[in-house]
Amino acid sequence: MSFQFPKINKMIQIKDFKNFDGKTVDTQGWVMNKRSGKGLEFIILRDGSGFAQCIVNADDVSEDIFNTANKLTQESSVKLSGKIVKDEKQIGGYELHVTDLELIGTSVDYPISNKEHGIEFLMDHRHLWLRSKRQWAILKIRNRLIYAINTFFQKEGFVQTDSPIFTPNAAEGSTTLFSSKYYDDDAYLAQTGQLYGEAMAMAMGKIYTFGPTFRAEKSKTRRHLSEFWMIEPEMAFHDNAMNMDVIESFLKYIINDVLENCKTELELLERDTTVFKNISSERFPRLTYDEAVDIIKGKKKINGKTSIEVLEADLKELKQQIEDNKAEIKAKEKEIAGGVKKGKRNFLQNRIDTLKNDIHKLEIKAGNIPKWIESAANFEYGNDFGGSDETVITIMFDVPVMVYNWPHKIKAFYMKRDAASPELAKGVDVLAPEGYGEIVGGGERETDLNLLLSKIEEHKLPMKEFEWYLDLRKYGSVPHAGFGLGLERTVAWVCGTQHIRETIPFPRYYGRLRP
RNA sequence: UCCUCCUUAGCUCAGUUGGUUAGAGCGUCGGACUGUUAAUCCGCAGGUCCUAGGUUCAAGUCCUAGAGGAGGAGCCA
């Protein structure tokens with residue numbers, strides 16, 4: 001039995017233009033941009049499925065229609081009829097030669113132009129910013145990642161079971177939570193579904209949750225959101241080594257799926273996909289916390305180099321790049337001073353602005369490296385890694401790095417202690433390359449009831465709220481493990497975005513609640 | 001909570017040791033142009049220089065306080 005989507009209307013979507021070469025079709029969408037020549041209007045149409053240039057020629061349409069086309073403004077909505085013609089120069093490879101045009105909705109003084117805007121302005125207009133090409137590409141990739149994540153787990157026999165969002169207490173202690181009211185009780189928005197995931201894994205074997213999580217950390221960095229989506233698989237009868245195997249094949253699967261199915265979007269984002277070239281073939285490095293610390297402190301060589309040497313080489317390269325950019329600016333400025341036509345001058349000035357911007361970014365980077373070297377050298381064994389420490393580790397490799405066997409003191413109460421070395425807990429963090437930070441955190445869960453009891457006391461957590469959780473250890477407890485993947489950090493890494501706030505339609509972060 | 005930087009036209013920004021009537025590009029609007037790719041060319045309009053106070057003959061520029069924003073630290077996915 002096959003299912004057929006109902007034929008609701010005869011409108012052809014832009015993504016399907018390739019199937020109608022030479023045919024006359026009806027389509028509808030919004031005007032992204034318009035260029036005019038005498039007797040010619042070039043409309044860049046978007047309909048959510050893609051982008052296409054539509055040409056209105058005064059010879060082909062009535063005077064009324066041509067005038068309507070001539071008056072179209074950015075983001076007005078239109079219904080078009082026309083012939084689909086192949087043109088290699090176009091984004092989708094096809095353009096529409098318009099024979100009929102109908103204005104659906106007007107648009108006056110649309111605030112977002114094709115020129116650059118500052119982040120605050122764009123965020124205030126997030127509801128409209130979503131219409132831009134770049135945001136379209138990011139949301140398409142986000143969508144594909146979600147699809148790939150679900151496909152991977154469903155194929156592997158995981159059951160999707162969701163955890164509650166209202167919770168009576170903090171699951172992990174440390175983090176600040178958003179408080180709320182639940183009838184007459186105090187409640188908090190969930191920071192993780194972890195504990196509930198364990199209960200569901202004891203019922204279903206292998207499960208995953210996929211939902212929003214909330215953290216009231218006053219973090220203003222490119223890696224933080226107050227509301228973000230997390231995928232948390234939990235597997236009965238798995239230890240941490242098996243957990244790491246799952247994480248690695250999972251990441252390989254979803255990255256490959258996006259690379260294969262989002263070529264247009266990645267191209268539009270100008271994402272350098274060569275950074276992913278070793279993802280499928282190379283085994284992700286698995287470092288113990290101790291080994292990672294040695295790398296940070298420059299005691300351990302990778303490919304014959306210490307982290308300090310790599311950082312110093314990077315710094316030298318950055319400085320050279322800054323010098324090169326400065327030289328190019330000088331040359332361009334000289335050219336402008338010599339007198340050139342307006343078009344050429346704009347072009348040169350634009351290039352100069354880009355270079356200046358780059359220099360600014362490079363200088364910030366170059367300024368950071370000595371700080372990183374210093375903070376790496378002073379790293380104290382037993383501490384958690386800071387942002388710079390993570391970067392130092394990941395620059396040594398071109399694939400994600402797994403760090404496991406952490407000091408138990410800096411990890412959550414439910415993490416399993418290593419029987420061989422009691423100071424360590426069997427947790428694992430996965431660090432994404434290029435400074436995108438920790439995308440996965442997970443580990444094996446403690447099964448020893450007494451250890452759990454003492455840990456809950458140690459963390460000063462309310463024992464009463466954990467009684468149901470401790471039941472899981474009383475009735476047929478088994479070794480189990482799981483992890484959490486931050487969706488937005490993963491999207492940011494895949495897309496190569498500067499900031500995580502572009503990776504979710506309406507971001508919530510410290511200082512931003514609307515739109 | 002702490003550190004650094006920013007706030008000038010609708011947008012992105014420049015504005016010299018404080019000195020006449022505050023500038024540019026883009027966008028809008030009007031015009032030219034029959035294949036444009038952020039089109040190009042010509043023209044018009046557009047300002048509470050974040051707010052309050054202070055120094056000064058004179059403040060966009062200096063000082064103090066406040067508001068808003070960006071980046072980072074800590075914390076984290």
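Labels below follow one simple rule: chain letters A, B, ... track the order of the sequence lines, proteins then strands, and each chain is numbered from 1.
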So if I take every side-chain heavy atom of [X] and compare against [options], which nucleotide ends up nearest?
X: A:Gln53; options: B:G35, B:A77, B:G74; result: B:G35
X: A:Asp384; options: B:A77, B:C76, B:A73; result: B:C76
X: A:Tyr509; options: B:A39, B:A70, B:G71; result: B:A70
X: A:Glu438; options: B:U28, B:A39, B:A77; result: B:A77
X: A:Phe121; options: B:U12, B:A77, B:A70; result: B:U12
X: A:Leu40; options: B:G35, B:U36, B:A77; result: B:G35

Margin query: With nearest nucleotide decided by heavy atoms, which residue, A:Leu225 or A:Phe42, maps closer to the 5′ end of RNA chain B?
Written below: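 In this pair, the answer is A:Phe42.
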Next item on the list: Starting from the 5' end of RNA chain B, give me the residue, A:Gly511 or A:Asn57, whose nearest nucleotide shows up first.
Entry: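 Its nearest nucleotide being more 5', the pick is A:Asn57.
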Next item on the list: Can you tell me the pairing partner of B:U1 across any strand shown, Watson-Crick or G-U wobble, with both distances under 3.5 angstrom?
Entry: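 Pairing partner: B:A73.
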Margin query: Tell me whether the side-chain N/O atoms of A:Lys38 come closer than 4.0 Å to OP1 or OP2 in B:A32.
Written below: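 Indeed not, no polar side-chain atom of A:Lys38 lies that close.
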Next item on the list: Let me know the distance between CG of A:Asn70 and C1' of B:G31, rounded to the nearest Å.
Entry: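 In whole Å, B:G31 C1' and A:Asn70 CG are 12 Å from each other.
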Check: So what does A:Asp59 hit on the nucleic acid, given a heavy-atom distance under 4.0 Å: a base, only sugar-phosphate, or nothing?
Finding: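 Counting heavy atoms under 4.0 Å across all strands, the contact made by A:Asp59 includes a base.
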